[in-house]
Colleague: 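This is the structure I want to talk about, given as structure tokens.
Note on naming: letters A, B, ... go to the chains in the order of the sequence lines (proteins, then strands), and numbering restarts at 1 for each one.
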Protein chains: 2
Amino acid sequence: MSSTGTSGRRVGSETRAEILRVALDLFTSRGFDGTSIRDIAEALGVTKSSLYYHFAGKEAIIRALLDDRRSDVEELLAWIDEQPPGTDLLHRAAMRWVGSTSPDRIRGMRFAHANRPVMRKLADDGGDLRAWFDDVVRRVLPEDAPVADVLRARMAFDTVSAALFAAQTTAATEAEVVEAALAATAALTRSTD
Amino acid sequence: MSSTGTSGRRVGSETRAEILRVALDLFTSRGFDGTSIRDIAEALGVTKSSLYYHFAGKEAIIRALLDDRRSDVEELLAWIDEQPPGTDLLHRAAMRWVGSTSPDRIRGMRFAHANRPVMRKLADDGGDLRAWFDDVVRRVLPEDAPVADVLRARMAFDTVSAALFAAQTTAATEAEVVEAALAATAALTRSTD
DNA sequence: GTCTATATAGAGATAGAC
DNA sequence: GTCTATCTCTATATAGAC
């Protein structure tokens with residue numbers, strides 16, 4: 001877009017987004033606690049202090065990361081509300097959710113995997129990831145659904161996560177992961193009733 | 001066993017086991033990085049230095065924890081080797097694995113969930129958790145099995161983990177979790193072929 | 001908006017008395 | 001086998017120049 005000349009340094013305009021990108025990468029591969037502000041700064045080619053200009057601190061960065069992912073679930077909730085109620089709503093909603101898995105969402109999941117303790121700490125202050133899916137499952141199952149059904153439903157929505165974990169030491173591509181997840185979701189929601 | 005008198009302090013004989021118990025608890029709830037040696041010491045009512053008498057350091061503690069869980073997988077491997085080969089070996093092995101889930105193993109899984117970054121760091125030095133299941137899946141599937149089947153198999157063995165995660169904001173008991181996991185494993189291994 | 005320099009706090013770990 | 005005291009390192013975060 002803008003001409004940056006021959007400098008190797010980072011531009012100033014989209015710095016915030018770039019910080020988030022790099023931070024997501026590092027938090028995912030080394031974990032939140034295993035990643036220092038300095039690590040992020042070095043990866044960006046700037047100093048720690050620069051980061052403090054853009055974010056109040058390390059926690060502010062991870063919060064911004066979470067906000068980015070929230071909209072996906074909200075979109076799903078909105079879609080569900082538009083649907084005609086029926087016994088196959090769980091199946092359709094779960095298939096839709098898993099089938100619409102984007103690379104961004106996969107990145108978000110890897111991040112969540114690597115940072116469950118931090119996520120839970122943030123969850124206590126509000127803005128939980130788990131709570132989002134409470135809503136989803138609540139709308140997709142009858143109110144008095146037995147625990148077994150609730151667990152099965154939640155697992156059906158979370159197959160990408162499971163497949164991602166399963167793929168950890170294999171050479172599976174992301175497409176294959178999503179495919180496996182879809183198959184699992186189908187298997188889990190076929191004979192719910 | 002031995003008479004300790006009226007002292008409120010911890011006994012000296014089984015200290016090692018007690019350290020591991022407390023450390024497992026704390027590592028699970030707050031994460032490895034979120035738990036300091038001091039935290040463990042305080043929970044035990046002793047000082048940091050005492051811990052260093054029993055363990056070389058923080059990493060030695062987590063390694064001891066991992067060793068405890070290794071035997072489970074080795075038992076499964078031994079069982080598999082005794083089985084007559086057949087197409088339903090995956091189903092039987094996975095059902096056996098999931099069905100034999102003990103409270104200890106659940107504790108181990110919660111621990112693993114909360115500490116994936118550390119686990120992966122330890123994995124690089126050998127003694128990986130993932131690698132153990134590489135062996136399991138290798139013996140239970142044909143050598144040239146397509147990726148989809150490998151992923152499905154790994155997911156089938158890991159349903160307790162998935163169910164545990166799914167149960168996070170629910171009131172599900174551990175028995176219900178295992179039950180849901182068994183159902184999922186059955187669904188995932190029924191029409192493998 | 002980015003830098004240098006520094007304040008401050010907490011971690012893991014060790015020495016050595018008891 | 002547990003203690004007190006201390007070392008060392010690294011982290012987050014801030015102050016203030018440019």
Colleague: Determine the interplanar angle of the A/Phe27 and A/Phe111 rings, folded into 0 to 90°, and report it as parallel if under 30°, tilted if 30 to 60°, perpendicular if over 60°.
Modeller: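 Because their plane-to-plane angle lies in the 30° to 60° range, the rings of A/Phe27 and A/Phe111 count as tilted.
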
Colleague: Expressed in angstrom and rounded to an integer, what is the separation of B/Glu42 atom CD from C/dA11 atom P?
Modeller: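 So the CD-P distance, B/Glu42 to C/dA11, works out to 9 Å.
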
Colleague: Under a 4.0 Å threshold between the charged nitrogen and the carboxylate oxygen, would A/Arg21 count as salt-bridged to A/Glu14?
Modeller: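 Salt bridge between A/Glu14 and A/Arg21, a charged N being under 4.0 Å from a carboxylate O: no.
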
Colleague: Do the side chain of B/Ser49 and the base of C/dT14 come within less than 3.5 angstrom through a donor-acceptor pair of N or O atoms?
Modeller: yes

Colleague: Once you round it to whole Å, what is the distance between P of D/dA15 and CG of A/Leu51?
Modeller: 17 Å

Colleague: Among residues 32-40 of chain A, which residues get a heavy atom nearer than 4.0 Å to DNA chain D?
Modeller: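 Residues of residues 32-40 of chain A under 4.0 Å from DNA chain D: A/Thr35, A/Ser36, A/Ile37.
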
Colleague: Between atom CG in B/Leu44 and atom C1' in D/dC3, what is the gap in whole Å?
Modeller: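 These atoms are roughly 15 Å apart.
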
Colleague: Any sub-3.5 Å donor-acceptor pair from A/Thr189's side-chain atoms to A/His91's backbone N or O?
Modeller: no

Colleague: Looking only at the side chain of B/Lys48 (C-beta and beyond, no hydrogens), which of the listed nucleotides D/dT6, D/dG1, D/dT14 gets closest?
Modeller: D/dT6

Colleague: Measuring only between side-chain heavy atoms, which start at C-beta, is B/Val147 closer than 4.5 Å to A/Glu179?
Modeller: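 No - every pair of side-chain heavy atoms lies 4.5 Å or more apart.
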
Colleague: Grab the OH-C1' distance between A/Tyr52 and C/dA7 for me, whole Å please.
Modeller: 13 Å

Colleague: Can a side chain N or O of B/Tyr53 be found less than 4.0 Å away from OP1 or OP2 on D/dT2?
Modeller: no

Colleague: Once you round it to whole Å, what is the distance between P of D/dA11 and CD of A/Glu59?
Modeller: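 Those two atoms, CD and P, are 18 Å apart.
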
Colleague: Would you call B/Lys121 and B/Glu59 a salt bridge, using N to O less than 4.0 angstrom?
Modeller: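 The answer is no: the pair does not qualify as a salt bridge.
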
Colleague: Under 4.0 Å from OP1 or OP2 of D/dC3: is there any side-chain N or O of B/Thr47 that close?
Modeller: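 Checking D/dC3 against B/Thr47, a side-chain N or O does come within under 4.0 Å of OP1 or OP2.
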
Colleague: Which listed nucleotide (D/dT4, C/dT2, C/dA13) is nearest to the side chain of B/Lys58?
Modeller: C/dA13

Colleague: Of the listed nucleotides (D/dT2, D/dT6, C/dT4), which one gets closest to any side-chain atom of B/Ser50?
Modeller: D/dT2

Colleague: Closest heavy-atom contact between B/Val98 and B/Val178?
Modeller: O-CG1, 3.9 Å

Colleague: Round to the nearest Å and state the distance from B/Phe55 atom CZ to C/dG12 atom P.
Modeller: 15 Å

Colleague: Using a 3.5 Å distance criterion without hydrogens, assess whether the side chain of B/Arg110 forms a donor-acceptor pair with backbone atoms of B/Ser29.
Modeller: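 No, because the side chain of B/Arg110 does not come within donor-acceptor range (under 3.5 Å) of the backbone of B/Ser29.
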
